[in-house]
Structure formats: C-alpha cells, structure tokens
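Convention: sequence-line order gives letters A, B, ...; per-chain numbering from 1.
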Protein chains: 2
Amino acid sequence: MSEEHDGLEGETTRTALVSAAFELFAERGYDGATVADIAVRAGVGRRSFFRYFPTKEAVAFPDHEGTLARMVAYLRESAQDPDPVARACDAARLVMRMYAQNPEFSVRRYALTREVTALRTYEKTVVWRYERALASYLDQRFATLPDGGIRAGVIAAGIVAAHNHGLRAWLRSGAHGDVAAAVDRALELVRRTWTDRGDPVVVIARPGTPAWRLVQEIETAHASDGRA
Amino acid sequence: MSEEHDGLEGETTRTALVSAAFELFAERGYDGATVADIAVRAGVGRRSFFRYFPTKEAVAFPDHEGTLARMVAYLRESAQDPDPVARACDAARLVMRMYAQNPEFSVRRYALTREVTALRTYEKTVVWRYERALASYLDQRFATLPDGGIRAGVIAAGIVAAHNHGLRAWLRSGAHGDVAAAVDRALELVRRTWTDRGDPVVVIARPGTPAWRLVQEIETAHASDGRA
DNA sequence: TCGCAGTGTGGCACCCAGTACCCCATATTT
DNA sequence: AAATATGGGGTACTGGGTGCCACACTGCGA
C-alpha cells in the first residue's frame, strides 16, 4: 500500500491502469508498450493487470462492459414497446452517448484502433456483443412473424452498421459537430425501411363524396392494417 | 526431402498442415494441440507453419483467402450491372458455395468454431473482410445517391447477416438439406426490401377497356420508373 | 564444371501475453 | 492473540509469433 494515491481508493487502480496504458500507447505505440510497462506506471504488479482486464486489448475498451449491460437492461424493459425497430435504434444510441461523454478519449482510441490490428479485432468482438443483444431482442419481438429470425439478424446488423457509420464519421472529424445528429440520420434510414409501413390504401371515390367520408375510409383501412 | 509424399508436391505441405491440424484438434481439442504438434504431424518444422499461416487460427480457415479474392474479382466485373443489390447477393453466394463444396469439413469447422473463442474471434475478422468488399462495391454504385455510403454499409451488413443466417442453419443441421435454398430465402428478404421497387402504379380503366391497353399502360409506367 | 543468385526450409533464440501456483499483508472474526 | 478470509505481488512456466542465420535445391550464365 503506497503513500501516494490519486484520491479515490478501490476503483482507482483500474482507471490508473487505463490512463497508464494510453500514456504509454501514445509514447511508444501499442506494441511498444508491454503489460509490464503499463503495470509499472500504474504502480501495481504485472499480475494485477490481468485481474482487472482479461487481455491487453481490453484495457483500450474499459467502458464497454457497462454499456452492454445497460443496453441489455434497456431492451429487457422494452418488451412491450409497439415499435421494436425504433426501440432497438434507441438502444444503439446508448453506445453513441458513451462515446460522446469523453470525446477526446474516444478520438484517441479511434486513431489507435485504426492502426493496431489486435485492437481492431478486439473491437469486432465488442461490436458483436451489441449486435447479438439487439438481434435476440428483435428475435423475441418477431417470434410470430414468418422469417422472424432472419429479419431480426438483418435488422440488428443494419442498425449496428448505421450507428457505426455515423459514429465513425464523427470520430474521423475529430469529434467536431453533432454525433447524435449523425447517428440519428443514419439510424433513421434503417428504421424507415424496416418499420412496417403496411400496404398503400387506395380509395375509390365518386365525385361528390364528402371529405369526412374519405378520412373515415382511410383511417379504418389503416387501423386494420396492423398484424396484431 | 522425405521419401513419403502424399502425391502432389508444392501445394501439399499447406494441405498437410490443414489436415494435421484438424486431426489434432479432433483428438486433443484446439488448445490441446500446439503449433509444434501440428508441424510435427505434417512432417515440417514449426517455423514453416507460420510461412503458410500467419496465426494458429488461420489454419482453420484455409480457403477464405481465395474466396475473398474471387468475390473481389466478381464485384470488379459487376460495375455495370443494373441491380447492384442483387449482384452483391450473388457475390455472397460464392461463400456459401465454398462451404457447400466440403460439407463434412464445414460442419466440423463449425462445431470447432462454436466452442473455441479464438476461432470465433478470427472468424469475425474473416467475415469483416467480405462485408468490406461488398460495402465498397455498393458504395461505388451508390455514389450518386443521397446517403449512399450509409446505404452501402447497411445493405452489406444485411447481406452478410442474412447469408450467415441461412448458412449456419444448414451447418447446425449437419449439412442436411439444401444450403442454396436456405441462403436464397434469407438473401431474398434483403434484396426485396432494398432493391428500389419504385412507386406502385395505379391504372384507372373504365369498363370495356381492352386488355392490351391495360398492359401497355402498366408497362410504360414501369419503364419510366427507373432512375436512369 | 563452377560459381551464383533465388527460394523454400529447419533450427535456433528471443519476446511477450497469459496462467498456475505460492506467498504475504491486511482485515475480520473468534 | 490466533485463525481465517481476501486481495494483491512475485515467480516460473507454457505457447504463439518473430528475427536471424544456415542449409539444401534449382536454374542460370560464364
């Protein structure tokens, strides 16, 4: 137990490892910094590094576990939402917000991830977990639909792709501009094409038909359009 | 140069490494078989293993490099196809056919990949390369569309998800049934929702209108529907 | 026939991530 | 004060991956 702590005890060693890692990655690059180096700078033993992070790559994505847990919780309480696709899009926005909370950190990590193969690989497994969460949620909601499983997988993949497209454009720009707007725009494309718009209604009206009659016709047609 | 060769020389050491690897994986599991073991059984030095495969995981996916190359070539010569989404779906079918060529091998690899984390991770990077190829192709074709980049990414992700859904259903079944049909069904969902169907045509015809007149109306309307 | 490059291979030696095991310090309990 | 849980440190080991060098073979020109 050393004399100098940065303040809080308990959660600090973890964050100390993260900042030490990113310092060293900036100084010597990812491969140039060993786990032993990181542990030394963080003031802990090498062995302790692996108590906090299962692999060296994991230290670069310290906040994804929590976000995934929040997403799963969010989806669990969304079992009754009338528009599952929109709800899944909202769940994806949780990830965007996590990135938006630390723009500088996110941008640095993005740059690092672009150039280090091991981190790109690890990132894919992280993204995969999000996609799986969305897909299994949609799968439940689509249980009664024909090809529900396929739809669920395809839509989940589309949501993740759209979300990441918007997010990465923002990251490439150096976190200038509005992330939420970029992600919203991308997600809206997915939501629009996959939320069931139903069949178009054709009303045949002879001249002289009152307007309220037309409205009534259209509304009853739309009302009977839902599959439920 | 040993006395016993299996026949062909030159390409054989690579395939020898692959079969040695799968033998040992079946006997001792993935982690139980070291690269040195594989090399010994294949009759080559440990160092030579890494001349043929960059990592231990890569030996489990020996045929994906070639398939990716074929997909890229196929897409390169598809620059004029009127229906890019359908073309991208066809490109994805190349992967399905590669799996269908060796059903037993594919099933065994699938089982192995399910239970070994390292292989699942590696598989994601493989899939990622296919998705990137499809996305960049669609991106070129959608260059003039608004949100073309987003569409490209989303559709590519959807195609990959649909393809893998059909493929994995077949693999889980032990390679019984028709892969092509399963993949076609899944891909058709994607193609249908993303190929521009244009606006529906409404023909107003009074009683007595001859049938050829109706057909003519509809066809001219459809002909002027394309964006080109 | 003799070099001589190019290429594929084996054999080290080495680095480092990740793990099993043991030990120690502190805190809590009895 | 002794015993016990707990969390972290240290050590040694396994195994993937790399750099380097030496060696064999092949084909080429002198």
Student: Can you check the Arg46(B) CZ to dG11(C) P distance for me, whole Å?
Tutor: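 Rounding to the nearest Å, CZ of Arg46(B) and P of dG11(C) are 12 Å apart.
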
Student: dG16(D) P sits how many Å from Glu57(A) CD, rounded?
Tutor: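 In whole Å, dG16(D) P and Glu57(A) CD are 16 Å from each other.
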
Student: May I ask you to check whether Thr55(B) and Tyr122(B) show a side-chain donor-acceptor distance below 3.5 Å?
Tutor: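 Tyr122(B) and Thr55(B) do not have a side-chain donor-acceptor pair below 3.5 Å.
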
Student: Report the distance from atom CZ of Arg28(B) to atom C1' of dG15(D), rounded to the nearest whole Å.
Tutor: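 In whole Å, dG15(D) C1' lies 14 Å from Arg28(B) CZ.
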
Student: Rounded to the Å, how far apart are Phe50(B) CZ and dG8(C) C1'?
Tutor: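 That distance rounds to 17 Å.
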
Student: Salt bridge check, Arg87(B) against Asp90(B): does any charged N sit closer than 4.0 Å to a carboxylate O?
Tutor: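 Looking at Asp90(B) and Arg87(B), the cut-off is not met.
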
Student: With nearest nucleotides of DNA chain D determined for Arg51(B) and Thr55(B) from heavy-atom distances, which residue corresponds to the more 5′ nucleotide?
Tutor: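 Mapping each residue to its closest nucleotide by heavy atoms, the 5'-most match is Thr55(B).
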
Student: Roughly, in whole Å, what's the span from CG in Leu17(A) to C1' in dG8(D)?
Tutor: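 Going from Leu17(A) (CG) to dG8(D) (C1'), I get 12 Å.
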
Student: What integer distance in Å separates Lys56(B):NZ from dT14(D):P?
Tutor: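 Going from Lys56(B) (NZ) to dT14(D) (P), I get 16 Å.
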
Student: Go through it in stages, so that I can follow the logic: the residues are Tyr110(B) and Tyr99(B), the test is ring-ring contact (aromatic ring centres under 6.0 Å, His included), and I'd like the CA-CA distance, side-chain angles, deciding distance and then a yes or no.
Tutor: CA-CA 10 Å; Tyr110(B) 178 74; Tyr99(B) 276 80; 8.9 Å; no

Student: Which is more 5' along DNA chain C, the nucleotide nearest Ala33(A) or the one nearest Phe49(B)? Just name the residue.
Tutor: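 This one resolves to Phe49(B).
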
Student: If I take atom CZ in residue Arg47(B) and atom C1' in nucleotide dA13(C), what distance separates them, rounded to the nearest angstrom?
Tutor: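 Arg47(B) atom CZ is separated from dA13(C) atom C1' by 12 Å.
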
Student: Report the distance from atom CG of Asp31(A) to atom C1' of dG17(D), rounded to the nearest whole Å.
Tutor: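 Nearest whole value for this atom pair: 12 Å.
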
Student: Tell me the closest heavy-atom pair linking Lys56(B) and Tyr30(B), and the distance in Å.
Tutor: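 The pair with the smallest heavy-atom distance is NZ-O, 2.8 Å.
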
Student: Please state whether the phosphate of dT9(C), meaning OP1 or OP2, lies under 4.0 angstrom from any side-chain nitrogen or oxygen of Tyr52(B).
Tutor: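 Answer is yes, contact under 4.0 Å.
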
